[in-house]
Student: 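Below is one structure. I have some questions about it.
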Amino acid sequence: MSRVIFASHGGLSKGMKDSVTMIVGDLVKNVETYSLLPGENPEDYYQELYKQANESNEQILVLCDIKGGSVHTALSKLAVLDNVVVFSGMNMGLALDIVLKHAHLSEEELQEVIENARDGITMMKELNKVENEDF
């Protein structure tokens with residue numbers, strides 16, 4: 001079993017957990033959230049999580065909101081530990097895939113969840129227009 005953490009600026013991480021709960025129910029009960037609020041420093045959470053991760057063999061999967069943001073920048077330093085994987089670009093597809101697998105993920109499975117999340121991103125500019133026929 002992997003430890004899963006949703007991490008974000010503001011309440012996005014808690015909202016993501018709420019949304020995932022609507023779909024998978026209790027499978028998300030052990031997911032932790034970290035919300036960086038104004039006046040807080042992500043380095044404080046990094047230090048706390050580093051200590052926990054360094055003393056554990058458990059796989060820890062951290063899903064951060066945005067690549068290069070202060071949360072991701074601080075927590076990505078955890079990737080020096082063999083048991084920690086840090087993702088950026090958290091979205092529902094990625095969060096659901098990680099939660100539904102709820103097991104220690106191999107390198108191949110980690111790459112698969114990234115590809116699945118990418119495949120879920122699309123853009124629609126216009127629908128095919130259907131002309132109404134006169135009856």
Side-chain angles (χ1 to χ4, degrees):
M1 185 72 103
S2 295
R3 179 176 172 190
V4 178
I5 301 169
F6 296 164
S8 70
H9 296 82
L12 178 64
S13 61
K14 290 179 182 175
M16 183 65 71
K17 183 175 179 178
D18 289 343
S19 295
V20 172
T21 299
M22 290 180 68
I23 298 170
V24 300
D26 283 345
L27 288 177
V28 78
K29 69 182 175 191
N30 293 325
V31 171
E32 301 168 40
T33 62
Y34 168 68
S35 299
L36 178 67
L37 300 175
E40 294 181 343
N41 186 340
E43 283 294 318
D44 296 336
Y45 184 66
Y46 158 75
Q47 293 291 335
E48 177 185 327
L49 192 52
Y50 180 87
K51 182 179 179 194
Q52 293 172 16
N54 196 36
E55 296 172 354
S56 173
N57 292 326
E58 172 182 46
Q59 183 181 51
I60 301 173
L61 306 174
V62 182
L63 283 65
C64 296
D65 55 357
I66 187 167
K67 181 180 178 181
S70 57
V71 172
H72 179 255
T73 299
L75 300 184
S76 65
K77 295 184 295 184
L78 295 166
V80 300
L81 301 171
D82 291 338
N83 60 325
V84 179
V85 179
V86 180
F87 297 87
S88 64
M90 175 174 58
N91 62 41
M92 278 288 282
L94 178 62
L96 282 167
D97 213 2
I98 293 287
V99 169
L100 287 171
K101 292 194 183 320
H102 67 280
H104 186 282
L105 300 178
S106 67
E107 186 66 33
E108 182 178 305
E109 291 168 318
L110 291 168
Q111 290 301 321
E112 183 180 302
V113 298
I114 291 291
E115 288 305 314
N116 291 343
R118 285 182 181 144
D119 288 345
I121 298 172
T122 62
M123 181 182 84
M124 296 180 71
K125 283 184 67 172
E126 61 183 61
L127 297 175
N128 289 334
K129 296 178 182 174
V130 178
E131 292 182 29
N132 291 331
E133 294 181 20
D134 292 331
F135 289 97

Student: Is there a path of hydrophobic side-chain contacts, each under 4.5 Å between heavy atoms of I, L, V, M, F, W or Y residues, that connects I5 with M90?
Tutor: no

Student: Listed by chain and number, what are the salt bridge (charged side-chain N to carboxylate O under 4.0 Å, His left out) partners of E32, not counting sequence neighbours?
Tutor: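 So E32 forms a salt bridge (charged side-chain N to carboxylate O under 4.0 Å, His left out) with R3.
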
Student: Could you list the residues that satisfy salt bridge (charged side-chain N to carboxylate O under 4.0 Å, His left out) with E43, not counting sequence neighbours?
Tutor: K77

Student: Nearest 0.5 Å, what's the CG-CD distance between L81 and E55?
Tutor: 11.0 Å

Student: For N91, what residues pass the side-chain contact (heavy atoms from CB on, under 4.5 Å) criterion, not counting sequence neighbours?
Tutor: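 L94, A117, I121.
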
Student: Should M16 and V113 be counted in the same cluster of Ile, Leu, Val, Met, Phe, Trp and Tyr side chains packed under 4.5 Å apart?
Tutor: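 Looking at the clustering, V113 is in the same group as M16.
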
Student: I need the D97 CG to M92 CE distance, nearest 0.5 Å.
Tutor: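 It comes to 12.0 Å.
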
Student: Going only through I, L, V, M, F, W and Y residues with side-chain contacts under 4.5 Å, is there a path from V4 to L78?
Tutor: no

Student: Sort and list the pairs that fulfil salt bridge (Lys or Arg N to Asp or Glu O under 4.0 Å) and have at least one residue in residues 112-125, not counting sequence neighbours.
Tutor: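 Every salt bridge (Lys or Arg N to Asp or Glu O under 4.0 Å) pair that includes a residue of residues 112-125, provided the two are not neighbours, is K101-E112, E115-R118.
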
Student: If hydrophobic clusters are built by linking Ile, Leu, Val, Met, Phe, Trp and Tyr wherever their side-chain heavy atoms come under 4.5 Å apart, do Y46 and V85 end up in the same one?
Tutor: no

Student: Between S35 (side chain) and G11 (backbone), is there a donor-acceptor pair under 3.5 Å?
Tutor: no

Student: Could you pull out all donor-acceptor pairs under 3.5 Å where a side-chain atom in residues 56-70 meets a protein atom, sequence neighbours excluded?
Tutor:
unit_1: S56; atom_1: OG; unit_2: E58; atom_2: N; d: 2.9
unit_1: Q59; atom_1: OE1; unit_2: S2; atom_2: OG; d: 2.6
unit_1: Q59; atom_1: OE1; unit_2: L105; atom_2: N; d: 2.7
unit_1: Q59; atom_1: NE2; unit_2: L105; atom_2: O; d: 3.0
unit_1: D65; atom_1: OD1; unit_2: H9; atom_2: ND1; d: 3.4
unit_1: D65; atom_1: OD2; unit_2: H9; atom_2: N; d: 2.8
unit_1: D65; atom_1: OD2; unit_2: H9; atom_2: ND1; d: 2.8
unit_1: S70; atom_1: OG; unit_2: H9; atom_2: NE2; d: 3.0

Student: Output a table of donor-acceptor pairs, distance under 3.5 Å, between side-chain atoms of residues 17-31 and any protein atom two or more places apart or on a different chain; print 'none' if there are none.
Tutor:
unit_1: K17; atom_1: NZ; unit_2: V31; atom_2: O; d: 2.6
unit_1: S19; atom_1: OG; unit_2: G15; atom_2: O; d: 3.1
unit_1: T21; atom_1: OG1; unit_2: K17; atom_2: O; d: 2.7

Student: Quick one: do F87 and L100 end up in the same hydrophobic cluster if we chain Ile, Leu, Val, Met, Phe, Trp and Tyr together by side-chain heavy atoms under 4.5 Å apart?
Tutor: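 In one cluster with F87: L100, yes.
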
Student: Is the shortest side-chain heavy-atom distance between L12 and F6 below 4.5 Å?
Tutor: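 Sidechains of F6 and L12: no contact.
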
Student: So do L49 and Y34 actually touch side chain to side chain, heavy atoms under 4.5 Å?
Tutor: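 Y34 does not reach L49 side chain to side chain.
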
